[in-house]
Novice: 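Sharing a structure with you now.
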Amino acid sequence: MDFMTGRQRLRLAPALMLVASLSASLTSCNANSAVNRTGYITTSGGIKLAYDLTLPAASGRFPVAVEYNDYTAGADNSAEVAGSDAGRLLAAGFAVLGVNMPGSGCSGGVNNVTDVNEWGRAGAQAVEWAAAQKWSTGHVGMFGSSQTGISQLGVASFRPQGLDAITPFHIATDYYRDVVYPGGVFNSRFMNFYAKYRVTIDKQTAEPAIKSGDQQCLKDFRAHVRANPPYSIARNSLANPFDDGYWQTAPRSRLNRIEVPILGCQSWQDGVVSSRATELYYDTFSARRTWFIGTNGPHGICEFKQPLTMMVNFLRHYVAGADDGWPRTPHITILHELTSTNTSPPVPGWVSTYNSWSQLMKPVTLYLGGHGSLTASPVTGVAAGQSSFSGPAPSQSGRWTKAPSPDTSVSYTTPPLTRDADFFGPGSVNLWLSSTAADSDVEVIISEVRPDGTEQFVQAGWLNLAERMLAPAGGGSPRSSVLRPFQLHSAASYQPLRSGQPVYARVELFPFEHVFRKGSSIRITIDSADGNVETTGYWGLTSLPAPFTDTVYASPVRPSQVVLGLIPGATAQRPLPSCADIAGEPCRPNAIPVPHGSLTIPGS
């Protein structure tokens, strides 16, 4: 395969030959000659997948852009929405094909979102069908965010003939760690939301076709409504609190089979799929044929002009064969301090680009000390100390602008910085701590204490302390590194705490990027993992109900630390903005004094 052009010759395997429904309809879509067709794709297993196709014109052969999900893609591909991802691709000359996954909308089969082998194989067959049609050039790309982004990875792992490139935005592939049990703590609020949403969107997607008399849709919708409940991820997540066999068929299980070029985008404060998938772009995917965009903000914020323009250019090169110079595009693009309001589109404060991950994430260690100090040097006996907090209490990350209750958290703060420090990637908060309970759930938060007297949220992470056992160190995923702890989360590795006995536990700060300004301080806060968490989205954790008091130790014998990834020499390219303007990173009044003196981050 030539990854510089992305051109593949179509070679359909006989076992994957598909049949298009003879009942497909042809109607005018809009005034610029685009046309719309709907129908069904029949897989080799006999499942009929509903599709919604928009062609740029009634005749001709076009490169194809596929969106594949268990929401609305097969009923409404959104190509008529100018400025959307689908609308931009249609305007660029792509045929836009939306397909519903098995067991969703008007599609037959069952919806088993955790088993990539089922929906990934079906989606791969839909791609090969699209590549074989007379209106197709035989070259296919995929696009979309969230589930529509995740699905691209599953489909690509089956290497369908004709698939040239994918653009997965806002993804999660390790469902257990990324979303359902972050740090081993159950994300009950999101799972309840998702369970209700799936039922609602499934009905809304099928309803128009059923009302118009589509008997195939009626038959398959009724069938999968009855068949789907045993496969519900919300139902099964409660029955599988450890990373056991149920979670092993998620998309992460097939990522090493992906060969096509990838352009992805993740946002740091994503309260739906999280930012953990950022790690795939440097430890799992091929660096040579992968491009990454990262930004602050909530789920969905990647779908604005700059990332979408890059997405169209990427697919034009690898799928449509355009000589647009894409291979010269830097592999890493960071959109800094993205602002977003209800009345204006997102705008980055500035943009940085890098060609190699080796330029980024140089580990820097800061040490927790007595009296809430955070320093660049190991703690000595004089500076040692210990601090305690009690819980469970509401997590601060989900209610950042509200003052925390007394004695429910401990914080460690640096003196003001002498220079800007730009941190990127995951972080590891390495704690020596004890508890009065056999188990407790903790949250760690990194924030910036600004010279204007406010404290700005940056990122958080969570851990069930009895699930602290790590996978072995080493390269690649799933392995622990100096910047990223990777817990086993197995029943066999569960280690209850003994009252008052210190243990060592590493908590992952989910991936982020943030420039801490000269004159600001870095703060690490440790509190309960309970209730709403993150500053955007639908996350809410259910912690263990037993009361506890946790004690954090900072001494030469028990050195608690935070390890962060520094971008050497990077500085802010604009003055400190108003807190209210930065997407996903709210501020609150600073209630804790900043230590005297100053601190220079090594390498900043």
Side-chain angles (χ1 to χ4, degrees), residues 268-269 295-297 334-341 347-352 364-377 383 387 396-397 399-404 409-424 427 429 444-460 509 512-527 535-536 562-604:
W268 317 133
Q269 294 82 28
T295 182
N296 59 288
I334 299 175
L335 309 178
H336 300 269
E337 296 182 355
L338 197 71
T339 60
S340 180
T341 67
V347 178
W350 74 97
V351 179
S352 298
V364 170
T365 302
L366 300 175
Y367 298 85
L368 281 61
H371 308 290
S373 64
L374 188 62
T375 67
S377 301
S387 301
Q396 293 186 31
S397 68
R399 54 201 308 274
W400 187 250
T401 58
K402 298 180 180 179
S409 64
V410 294
S411 293
Y412 299 84
T413 311
T414 69
L417 304 181
T418 61
R419 293 196 291 261
D420 289 358
D422 190 354
F423 291 108
F424 177 49
V429 181
V444 296
I445 300 170
I446 185 169
S447 57
E448 178 179 3
V449 183
R450 297 158 43 121
D452 62 8
T454 60
E455 181 184 2
Q456 184 176 11
F457 175 86
V458 176
Q459 189 54 292
L509 279 169
F512 70 95
E513 182 279 331
H514 186 84
V515 179
F516 291 81
R517 297 303 210 283
K518 175 183 177 180
S520 288
S521 297
I522 302 167
R523 175 170 291 162
I524 297 294
T525 297
I526 306 158
D527 67 338
T535 56
T536 72
V562 56
V563 186
L564 305 172
L566 180 73
I567 303 179
T571 59
Q573 301 301 301
R574 69 169 182 176
L576 187 67
S578 166
C579 274
D581 295 338
I582 306 304
E585 299 183 3
C587 281
R588 65 185 182 185
N590 177 39
I592 303 172
V594 171
H596 297 295
S598 62
L599 177 68
T600 299
I601 300 295
S604 62

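Numbering starts at 1 and runs along the sequence shown.
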Novice: Treating D422 as the side-chain partner and A570 as the backbone partner, does any N or O pair qualify as donor plus acceptor under 3.5 Å?
Specialist: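 Not at all, since once roles are kept as given, no pair shorter than 3.5 Å links the two residues.
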Novice: Go through the steps to decide whether Q396 and T525 satisfy the test side-chain hydrogen bond (donor to acceptor under 3.5 Å, both in side chains), and finish with yes or no.
Specialist: CA-CA 9 Å; Q396 293 186 31; T525 297; 5.1 Å; no
Novice: Is the closest side-chain heavy-atom distance between F423 and I601 below 4.5 Å?
Specialist: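 With C-beta onward as the side chain, the pair touches.
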Novice: Any side-chain heavy atom of T365 sitting closer than 4.5 Å to one from V563?
Specialist: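 Side-chain contact under 4.5 Å: yes.
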Novice: Closest approach of I592 and N590, non-hydrogen atoms and distance?
Specialist: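 Heavy atoms of I592 and N590 come nearest at O-ND2, 2.9 Å.
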Novice: Do S387 and I526 make a side-chain contact, defined as non-hydrogen atoms from C-beta onward lying under 4.5 Å apart?
Specialist: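 S387 does not reach I526 side chain to side chain.
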Novice: What distance do T295 atom OG1 and L335 atom CG have between them, rounded to the nearest 0.5 Å?
Specialist: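 Interatomic distance, T295 OG1 to L335 CG, rounded to 0.5 Å: 4.5 Å.
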Novice: Just verifying a value: how many Å separate T375 OG1 and L366 CG, rounded to the nearest 0.5 Å?
Specialist: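 Atom-to-atom, T375:OG1 and L366:CG are 7.5 Å apart.
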Novice: At their closest point, which heavy atom of C587 faces which heavy atom of T401, and how far apart are they?
Specialist: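 Looks like O-CG2, 3.6 Å.
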Novice: Is there a donor in the side chain of Q573 and an acceptor in the side chain of H336, or the other way round, less than 3.5 Å apart?
Specialist: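 The answer is no; no qualifying pair exists.
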Novice: Output yes when a side-chain donor or acceptor of R517 lies under 3.5 Å from a complementary backbone atom of P575, and no otherwise.
Specialist: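 Yes; judged by distance alone, with no hydrogens or angles, the pair exists.
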Novice: What distance separates L576 CG from K518 NZ, expressed to the nearest 0.5 Å?
Specialist: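 Interatomic distance, L576 CG to K518 NZ, rounded to 0.5 Å: 13.5 Å.
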Novice: For a quick test of reading the model, state the closest non-hydrogen atom pair linking G597 to P416 and the distance between them.
Specialist: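 In this case the closest contact between G597 and P416 is O-CD, 3.4 Å.
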Novice: When you check the side-chain N and O atoms of Q269 and T535, is any donor under 3.5 Å from an acceptor?
Specialist: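 Side chains of Q269 and T535: no pair found under 3.5 Å.
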Novice: Given T600 and L417, is the side-chain contact (heavy atoms from CB on, under 4.5 Å) satisfied, shown in steps?
Specialist: CA-CA 6 Å; T600 299; L417 304 181; over 6 Å; no
Novice: Out of curiosity, Q456 CD to W400 CH2, how far, rounded to the nearest 0.5 Å?
Specialist: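 Output value for this atom pair is 9.5 Å.
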Novice: Looking only at non-hydrogen atoms, find the nearest pair between D420 and S604 and report the distance.
Specialist: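 That closest heavy-atom pairing would be O-CB, 3.3 Å.
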Novice: Please determine whether a side-chain nitrogen of the Lys or Arg among R450 and E585 lies less than 4.0 Å from a carboxylate oxygen of the Asp or Glu.
Specialist: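 The answer is no: the pair does not qualify as a salt bridge.
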Novice: So among S411, S521, S447, which one has a side-chain hydrogen bond (donor to acceptor under 3.5 Å, both in side chains) with E455?
Specialist: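 So, applying the side-chain hydrogen bond (donor to acceptor under 3.5 Å, both in side chains) to E455 and each of S411, S521, S447, only S447 qualifies.
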Novice: Any side-chain heavy-atom pair from V562 and V444 closer than 4.5 angstrom?
Specialist: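 With C-beta onward as the side chain, the pair stays apart.
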Novice: What distance do Y412 atom OH and L368 atom CG have between them, rounded to the nearest 0.5 Å?
Specialist: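 Result: 5.5 Å between the selected atoms.
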Novice: Determine the minimum heavy-atom distance between T454 and C579, stating which atoms define it.
Specialist: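 Residues T454 and C579, closest heavy atoms: OG1-SG, 3.9 Å.
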Novice: Is the side chain of T414 donor-acceptor paired with the backbone N or O of I522 at a distance under 3.5 Å, no angle test?
Specialist: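 Confirmed, T414 side chain pairs with I522 backbone.
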Novice: Tell me if a side-chain donor or acceptor on S352 pairs with a main-chain N or O of I334 at a distance below 3.5 Å.
Specialist: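 No.
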Novice: So, for W268 and F424, is the gap between ring centers shorter than 6.0 Å?
Specialist: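 Yes, they do, as the ring centres are separated by less than 6.0 Å.
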Novice: How far does CZ of R419 sit from OG1 of T571, to the nearest 0.5 angstrom?
Specialist: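 Answer rounded to 0.5 Å: 11.0 Å.
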Novice: Can you give me the closest heavy-atom contact between I582 and P577, atom names plus distance?
Specialist: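 So the minimum-distance heavy-atom pair works out to CD1-CG, 3.6 Å.
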